[in-house]
Amino acid sequence: MTVLPHKHLDLQGDVAALTAALMDIESVSGNEAAIADSVQAALEALDHLEIVRDGDSIMARTNLGRPERVILAGHLDTVPLPAVPGSKGTVPSSWDGDVLYGRGATDMKGGVAVQLALAAGLTEPNRDITFVFYDHEEVDASLSGLGRLEKSFPEWLKADFAILLEPTDGTVEGGCNGTMRFQATTTGKAAHSARAWMGENAIHAAAEILVRLRDHEPATVRVEGLDYRESLNAVKIHGGTAGNVIPDSAVVEINYRFAPDKDLEQAEAYVRNLLQGFDLVRTDASAGARPGLDRPAAASFVTAVGAEPKPKYGWTDVARFSALGIPAVNFGPGDALLAHSDNEHVSAGAIRECLAALQTWLAS
């Protein structure tokens, strides 16, 4: 087998150009080895950092004895490349003026580029910093590189504050909603559709589930000064065996996005109460994260950024840090609404502004 050399990454140059270089290394989940090799090689050239690698995850940290330690984290993988011919949200990247197009532009190679630029440029930060670059974020949580690092190197993930450089349009987004999935099953009796009265239609029985979900009014919950909007929706429905058979089973798949004032048990109880009387099985769950913006490190960062913080409606890995007792926020370049899209893009200015904000906070 031929081992290809890693791609050289210039950590001292323009951070937008560094973003493009990272995007040009295809790293769909499960294929992060090449980008991990390049990131590791770039970090190993920096004498002021201690480095460890686990699979396709890399961590680097300063050890200056500062009274505070912060984690800057980002994932190396992307979702699959678009199937639409001619899409600009693909690999390699492309420029249109000062706008950079390609897979990972917002989610989240701009954020990773900012991490790398800070790792190279801040040899004497005012806080000790741990940089975390991890694999398998865009797939099942059981494969998460960050989850693996929690188990393999727990001492490396001790800190006073964490920043996940997910796209937030340069605004601090505190905490995140939790997410939970269910399957609601209805049963009936199979029969020939020409003699439907001999059976019981399980799909029709699922109508009441859909009515309750349709009429449900999602709550907006204030947690530590931020308003988290919840949502509860049917996301998939399936049932039946043939076009001439009354279905004897139907399944409605449901997703609940809940505010971080609730733990998993409370969130599950809420859904079960709404859908009382139906066979409901929880298939997946991830707790949310409270914003923790009142912690000293978080408060100083919000002040440094200047913009009013917002809640994070989607689930992110800040929840993993929160579970470790580390207050965490999302802060990164690019519009999250463009993530995974066929025209995924980010402006060079947004990446540079993100870098400048973090440099100011960590060097002042």
Side-chain angles (χ1 to χ4, degrees), residues 5-22 25 32 34-76 108-135 145-146 148-150 152-165 296-298 300-301 304-305 317 321 324 326 328-329 331-333 351-364:
H6 65 266
K7 179 173 182 175
H8 173 71
L9 299 174
D10 180 7
L11 308 193
Q12 306 289 350
D14 177 28
V15 69
L18 176 57
T19 301
L22 290 166
I25 307 173
E32 297 99 319
I35 194 169
D37 289 345
S38 294
V39 167
Q40 180 181 2
L43 292 171
E44 285 179 341
L46 306 175
D47 294 337
H48 62 284
L49 295 175
E50 178 186 2
I51 299 167
V52 66
R53 178 165 176 170
D54 181 77
D56 289 329
S57 293
I58 302 104
M59 293 187 289
R61 65 185 178 187
T62 63
N63 289 297
L64 302 171
R66 304 291 195 243
E68 258 184 356
R69 177 173 291 278
V70 299
I71 292 174
L72 301 182
H75 60 84
L76 298 174
M108 57 171 295
K109 292 188 177 179
V112 171
V114 169
Q115 288 177 264
L116 290 169
L118 290 168
L122 290 176
T123 58
E124 292 285 336
N126 56 22
R127 298 164 171 84
D128 270 312
I129 307 173
T130 302
F131 299 93
V132 181
F133 306 88
Y134 59 100
D135 59 283
L146 184 57
R148 190 178 66 248
L149 291 172
E150 288 179 42
S152 301
F153 297 92
E155 72 282 0
W156 277 73
L157 294 179
K158 292 180 179 178
D160 302 286
F161 182 50
I163 300 172
L164 186 63
L165 280 90
S300 70
F301 179 61
V305 172
D317 276 319
F321 292 113
L324 294 172
I326 305 169
V329 299
F331 177 76
I351 305 169
R352 294 169 187 148
E353 288 169 11
C354 178
L355 174 61
L358 285 163
Q359 281 175 326
T360 300
W361 180 61
L362 291 167
S364 60

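Below, all heavy atoms of this structure are taken into account, side chains as well, without hydrogens, waters or symmetry copies.
Nearest heavy atom pair, residue Trp361 against residue Ala297, reads CZ2-O, 3.6 Å. Taking both residues in full, the closest heavy atoms of Met59 and Leu157 are given as SD-CD2, 4.1 Å, listed atom of the first, atom of the second, then distance. Across all non-hydrogen atoms, the minimal contact from Leu149 to Ser57 is CD1-CB, 3.9 Å. Between Leu43 and Ala119, the closest heavy-atom pair is CD2-CB, 3.9 Å. Across every non-hydrogen atom of Ala73 and Tyr134, the tightest pair is CB-CE2, 4.3 Å.
Put simply, the side chain of Leu11 reaches to within 4.5 Å of the side chain of Leu46, judged on heavy atoms. Side chains of Val15 and Cys354 form no contact here, defined as non-hydrogen atoms less than 4.5 Å apart. With contacts defined as side-chain heavy-atom distances shorter than 4.5 Å, the pair Val52/Ile58 does not qualify. A heavy-atom distance below 4.5 Å is found between the side chains of Phe161 and Val329. Side-chain atoms of Glu68 and Ser300, non-hydrogen and from C-beta on, never get closer than 4.5 Å to each other. The shortest distance between side-chain heavy atoms of Asp135 and Leu76 does not fall below 4.5 Å.
Take Trp156 and apply the side-chain hydrogen bond (donor to acceptor under 3.5 Å, both in side chains) test, not counting sequence neighbours, and it matches no residue. In this structure Glu150 satisfies the salt bridge (Lys or Arg N to Asp or Glu O under 4.0 Å) test together with Arg320, sequence neighbours excluded. Residues forming a side-chain contact (heavy atoms from CB on, under 4.5 Å) with Gln12 (at least two apart in sequence, or on another chain): Asp10, Ala120. A search for side-chain contact (heavy atoms from CB on, under 4.5 Å) contacts involving Ser152 returns Asp54, Arg148, not counting sequence neighbours. Partners of Glu44 according to the side-chain hydrogen bond (donor to acceptor under 3.5 Å, both in side chains) rule, which considers only residues two or more places apart in sequence or in another chain, are Gln40. A search for side-chain hydrogen bond (donor to acceptor under 3.5 Å, both in side chains) contacts involving Asp14 returns Arg352, not counting sequence neighbours. Remark: Thr360 engages no residue in a side-chain hydrogen bond (donor to acceptor under 3.5 Å, both in side chains) (not counting sequence neighbours). For Arg53, the salt bridge (Lys or Arg N to Asp or Glu O under 4.0 Å) criterion is met by Asp37, Asp56, not counting sequence neighbours. Residues that satisfy the ring pair (Phe, Tyr, Trp, His ring centres under 6.0 Å) test with Phe331, not counting sequence neighbours, are Phe301.
Here the CG-CD1 distance, from Asn63 to Ile129, works out to 11.5 Å after rounding to the nearest 0.5 Å. Taking CG of Leu64 as the start and NE2 of His48 as the end, the distance is 8.5 Å to the nearest 0.5 Å. Within the model, atoms CG of Leu358 and CD of Glu353 stand 12.5 Å from one another, a figure rounded to the nearest 0.5 Å. Taken from CG in Leu9 to CD1 in Ile35, the straight-line distance is 7.5 Å, to the nearest 0.5 Å. Leu146 contributes atom CG, which lies 8.5 Å from atom CD1 of Ile71 (distance to the nearest 0.5 angstrom). Within the model, atoms CG of Leu165 and CZ of Phe133 stand 9.5 Å from one another, a figure rounded to the nearest 0.5 Å.
Remark: the backbone N or O of Val70 is not paired with any side-chain donor or acceptor of Asp160 at under 3.5 angstrom. Under the 3.5 Å distance criterion, the side-chain polar atoms of Thr130 are left unmatched by any main-chain donor or acceptor of Arg61.
Each salt bridge (Lys or Arg N to Asp or Glu O under 4.0 Å) pair with one or both residues in residues 113-125, not counting sequence neighbours, appears once here: Arg66-Glu124. The stretch residues 354-364 participates, sequence neighbours left out, in no salt bridge (Lys or Arg N to Asp or Glu O under 4.0 Å) pair at all.
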Distance-only check: which donor-acceptor pairs under 3.5 Å involve side-chain atoms of residues 109-118, not counting sequence neighbours?
unit_1, atom_1, unit_2, atom_2, d
Lys109, NZ, Leu22, O, 3.0
Lys109, NZ, Ile25, O, 2.8
Lys109, NZ, Ser27, OG, 2.8
Gln115, OE1, Gly74, N, 3.3
Gln115, NE2, Leu72, O, 2.9
Gln115, NE2, Val132, O, 3.1

